[in-house]
Structure formats: structure tokens, C-alpha cells
S.K.: 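Sharing a structure with you now.
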Amino acid sequence: MLKLIKVNVVYGRNKKKLQVLKDVDFHLGEGEFITVTGPSGSGKTTFVQICGGLSTPTSGVVEFNGQKMHEINDDRLSAIRNTSIGFVFQNYNLVEYLTALENVELPLMFRKIPAKERKDSAREMLYSLGLKDRMGHYPAELSGGECQRVAIARALVVRPRLIIADEPTGNLDSENSKHVMEIIVRIFAENRISIILVTHNPWIADYGTRRIKIESGVLL
Amino acid sequence: MITVRDIIYINRRRNGKKKVLGKKKYMFNFFAILFIVVILTNVIYGIYNKINNFFIDKEYPHKSILFVHNYEKAYERGYHFDWYNTPPISEEQLNALKNMKGVADIQSDFGNVRAYTYFDMNRVNYILPPYYLFKYDKEFFKLYVELPPEKIQRGTIPILMSRDLFNYRYVKDKNIFQRDINYKASWLGKAFDVFIDPNCRQPLPSWSWSDKDVREILLNPETMKKKIIDSQKKTLIDLALDNPANVRYCTPISIRVQVVGFIRDKSISPLVYGVIPREQANAIDEILRMRSNAFNDEVTRSRNNKLIYVLPEPEQRDSVIKKIKEMKLTVDTSETLQADTFLMRSIDDVGTPIFVAILFILVFFSFTIYQLLSAKVKDSIREIGTMRCVGATKNDVKRIFTYLIYYDMLKTYIIVLIISQIALLIAGSFTARHLNHINVDFLSNELFLIASRSGDFAIWWLIAPLWYQFLPLIFLIPVTAIAVYIPVLKASRTDPAVVIKE
């Protein structure tokens, strides 16, 4: 489903040049759950950015469902992000002025889904994640764990083929981290969605079906 | 692509939450800018009017102009009790008047005295009403009237007022017009009864007042006052309709008139007045007699107190010039007034002062708004990144932000419009108390007009044209469009990866 071939990412120029990813070859199959670990500054985040089509590599090829990412225009890339990839971030990235329900609806808005239909989908997703009573609350009124569950619901509502989670438990205590991971595992088990999960935490990394490590921009 | 409905929805939600994006901070800045723009526009309007009025006085549209320059300045000689009778209007003249463009009919039943003004050095007690009942047709209003026809009150005699009358102040408790050179007020739309001041110590020698009336005033002012007040209940038109024969004999103690417009130091109604030496008045009278269609002649005073006699139809030109020379006045027969209108034309070269103001606002405020919006976009970077991550295209971001900015602008504008008008009126109310001590030439007339709004006159008539208050909005739409472009473009180009980096 996702292929990275000889991907290099270089920031800066000349003396300030910093190679973040070096000749990364990577393949993600359908229904794989990959955890990515590595020390800080090793290039994990850049790796997931490239995988999710949020950034373009300096060189190399990224293929998603057989489509070369660098060959498609920005609108199409947005459409792929909107329909096939769900993102979960460490700091949740919920829109402050929207309620939990509206935040989950947001990706569907950009797909012109009628209001009623998208509300039903968002509601259903929040139900399934145990946020039935928190739908009308704003992010500021939710706990960290709840925020992350809303973010997961937002990622799932588009029925993605790939979920990219960048340290989803990074801001959570151990209990909430466990809860969130249980949800992710459940999603993986029920829907067979491919998952790339970045973590520092070794016990979380164990959840994956495959575990990869990045060190100094090199995939190990 | 996101639908317009959803854009509106998102922005409504955004505006509903106070904490979001430092909204208060930006709203305040928007407010401040708009407030300045609205006030500035008012001032520009005033300045524009000031400039326009200054030059417009000298800008006569007539092709053949005969100027009479008066060496002896009337002001230096003080005010005179001065009045002059014009010759009775002949049948031909009357017909000529009736055929005048815009005039439907004229009744000359109200006497033949053409104009009359009474000064007693310091104040004007009395201005005689028009003596001819003009019936204006629609064409007339098209030509001269500034007041919309629907605002003209029924039963009033529409009059055009010379701009010089701006110096007369309406004293409400005395119900008289009093000269006050420091006072400027707009009479447009004002309806009032023109009547003899019952407190006047010196009775006016009216052509239709009987000696009995004069005696009555002298002996018993209170009785006369009552009589005048009673008579005010009926307009001249009513009196005429009751019994046309009355009109000839009854004094038009009170008639209801309404100022429907202003003209450039001339009046189509025969409300001619002037402060000129008696010998000049007599000479002018002679000139009038020489001219068969003297009604169209204008006698007026220029800003520097030169007496101007304008002959729109230069018949008997030579005789008139001769007569003027006999009066030891100089004659200027130049057909255009290039020197006088030079500045105005030079302003016209770049459009109008309003155009200049637009340029100023465009340049200055677009830069300021640009800075504000740039900061706003910078603050919204995470939000934009999030939207991009979940599938917003660049166009979606552009549309959302453009809508947001225009929405904010319009909302703020409405608030500013209301507050600024209230502020102007409060300021006007305050300055009105000191009005007599302020030289109106100091600032734009309009500011003082605003001030006077809370004084003797009805506020709404004196307020600057309502449409003018919307000018800033007209300016700000393109200004915002210019200012918004780069920040919105920047916003749309936000790298979605920013949400992970930050």
C-alpha cells in the first residue's frame, strides 16, 4: 500500500545542510501495524510526514496505492489525506472552537458530505469510542485522554486505509495511554487498517505487528 | 471542496468562541482602524465641501458674464439700512418668468416689491417672504433641489436659499433668525414660518401694513403678537385659497416655507438681499429698469466683498456698462473665470479630493490591515495545518480565511458606524455650547454642522448625507481585498506538516 524507495530528506543548504532521512526503503502492506521507535532527532517525525504525504522528500519515491506522491497535485494530495489517511497527533490538534462532534465532522466537511449524514457518522464514531456524553464539549473541556479519543475518532471517521499516529500517548499518563492503545489495537483488529505508530515507549512499540527503528535517519 | 454553507458554519463557530485566535485583539485593531476611517471620511467630506464651496461661489455657469467690481467695500462702511424697490413686473416679464425652465406658474398677486431686507446693524429681525407664489414643476426640482421631493412637506412654499444665509442662526425661543457670523448651520429641509418679529421695536414699513397695524404694534405689542401667532396657523397658501382677494390686502405675516436646496448666491425665488451702499442699490435699480428681463440678473457679493452683477442675458450690454462706469465701478467682461477656478480645476485633474482620500485610505489602511491579517494568519497556523491534514485544499483555506476576514470587517464596520455617529453627536453636543466662540473657518464646516445638530436644529437634517457614512465601507472592500490577498495566500500555502513540528 505504501512504498518508500531510496527516500532522502535534507534540510538546509551548504554548511547548514542536515540529512534527516538517508536512503530509506520502506514497505507497508495492507493491514500492517508498524511501530516506529528511535531516539529524539532520529527522523521519526519526518518519516511519518513523508508517509502521510504531509511533506515531500528531497529525493526518492513515495508511492501510495500505486500512485507516486510527487506526481500528483496538491488538491489530489489533499483528497488522499481526506479519504485514505487518518492522522493522530501527540498534541491532538483539535480545533478549539469546535465541539468534539464538530471536530470529528471536520474531515467530512471538506468532502461535501451533507450535514446530517456526517453528523450521524461522527456521532457513531464517538459512541464507539465511549464519548457519548462528551460530544457537545469543546477540547478545552475534555481531558487529555478524551481529546486523544476525539482525535482518533476524527481519523477514523473518513474510513481510512492508513492511520498515522505520531506519539499518540506522548501527552498522556500511563492509564490513559493504555486506554488509547487498546482503542488503536481494537481498531486495527476490527478494521484491518494499516497503522504507522511512532513512539518512544518500548511497551507501546510492542503492540505493533512489525517494529522498525530509526537512528540518525537510517531505517534499521 | 468545502461548501459555502460549511465555511459560514465554521466561521460562526469561530466567532462564537471568545478565546480563539486572540480574536479580541484583532477585533480591537479592526475597530480602531475603522473608527479612524469613518471619522476621517467625515472630515474629508467636510474639507471637500469646504474647498468646493469656496470655489463654487465664483464659478458661474453663464457664458456672458459682466462683473462689476466694487472699490468701496461694503463692510468697511458698515451695515446699512438698505432696501430698494424694483420696478413692477411687466406682463412680458411675467410671461418670461412663467416660461422659465422649471417654473410651472407664477402668481404675482402678492405685491410688486421685489426684495427687501432689514438690518439694524447687529441683527436681522426680519426677512420678507417671497412675493411671488411659485409653483415649481418636477423639472425645477431636477435642476435645483437638493432635498428629495418626498421630503418636501405639503403646504409649504419650497424655497432655494442662498448659501450666504448660512450665517443666520435660528434662535428658537425668539423664533427669529439672527445674524451670527460665527455660526454655520444647514437649513436644508427645514420648514419654518417666516414672520415679523413681534418684539421688534421698530415696525417694518411693509407695503401692505396699514397705519393702524403699525400703531397697534407700537402701542400694544402683546396684541400684535397674538395676532401674528393666530395668523401663523394659516399659511399664505391657505389664505390665498380662502379668498384670493385677501392676499392683496392681507399682510403675509406668516408663511410656511421649506428650504429645498441651495444655490450659488442667487435665488430663483425673488428673495434678493444684500448689504450694499444706498447709491449702489439705486444704481442697480436703474440697471434693472433698463433691462427687459432683469429678473434673471443676479446681484451678489463675492467672498472679498466685491459686488457682482451677473447678466445672464447680455441685452443692452453697452448701456449697462456705461451706467456701471458712471457709478465709478470697473467692468470685467471676461467670459470665463479661469483664475478663480484654477485650483479647483487642478484638483479635478487628479479626480476629486474624494479620490485623493480614497487613494490615501487604500494605501495606508491596506498596509495596516495587511499587517494585522498577517499576524492573524500566523496565529492561526496550527488551525490551518490541522485543516490541511484532514483534507482541506489550498482553496478551502483561502475561502475560509477570506470569508472570516470580510465577516469580521463588516461586523466591526457596523459597530463602528453606530459608535462613531454617536461619538460625533456627543462631540457635537459638547462643541455646540462653545460654537459662538469658535471660528468656523478653523476646521471643516461639516464638523460644526455636526456640532450644530445637537443644537437648535433637528439632528437628522443636519447630519451628513447618510450615504456618505457608507463610503468607508465602499473603500474598505477593495482595501481588504488587497490587504487580504498575501496573508490568505500565505495561509493557503501553510505546510500541513506544521502541526507535527509544533
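Naming convention: chains lettered A, B, ... in sequence-line order (proteins, then strands); numbering from 1 in each chain. Here the structure is a predicted model, which means the values were calculated and not measured.
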S.K.: CG/N93(A) to CZ/R382(B) distance, rounded to the nearest 0.5 angstrom?
M.R.: 4.5 Å
S.K.: For N82(A) and G391(B), work out which heavy atoms get closest and say how close.
M.R.: CB-CA, 3.5 Å
S.K.: Please report the closest heavy-atom contact between C389(B) and F89(A), naming both atoms and the distance.
M.R.: SG-CZ, 3.6 Å
S.K.: What is the distance from atom CZ of R388(B) to atom CG of D74(A), rounded to the nearest 0.5 Å?
M.R.: 4.5 Å
S.K.: Tell me, for E167(A) versus chain B, whether the close heavy atoms (under 4.5 Å) come from the side chain, the backbone, both or neither.
M.R.: neither
S.K.: Could you check whether atom NZ of K119(A) has more than 12 heavy atoms from other residues, nucleotides or ligands sitting under 6.0 Å from it?
M.R.: yes
S.K.: So do E96(A) and E383(B) actually touch side chain to side chain, heavy atoms under 4.5 Å?
M.R.: no
S.K.: Measure R76(A) against the heavy atoms of chain B and call it side chain, backbone, both or neither at under 4.5 Å.
M.R.: neither
S.K.: Please report the interatomic distance CG(L77(A)) to OG1(T393(B)), rounded to the nearest 0.5 Å.
M.R.: 11.5 Å
S.K.: Please, which pairs that meet salt bridge (Lys or Arg N to Asp or Glu O under 4.0 Å) have at least one residue in residues 147-160 of chain A, sequence neighbours excluded?
M.R.: E124(A)-R159(A)
S.K.: Do you know the tightest heavy-atom contact between S78(A) and A392(B)?
M.R.: OG-O, 3.4 Å
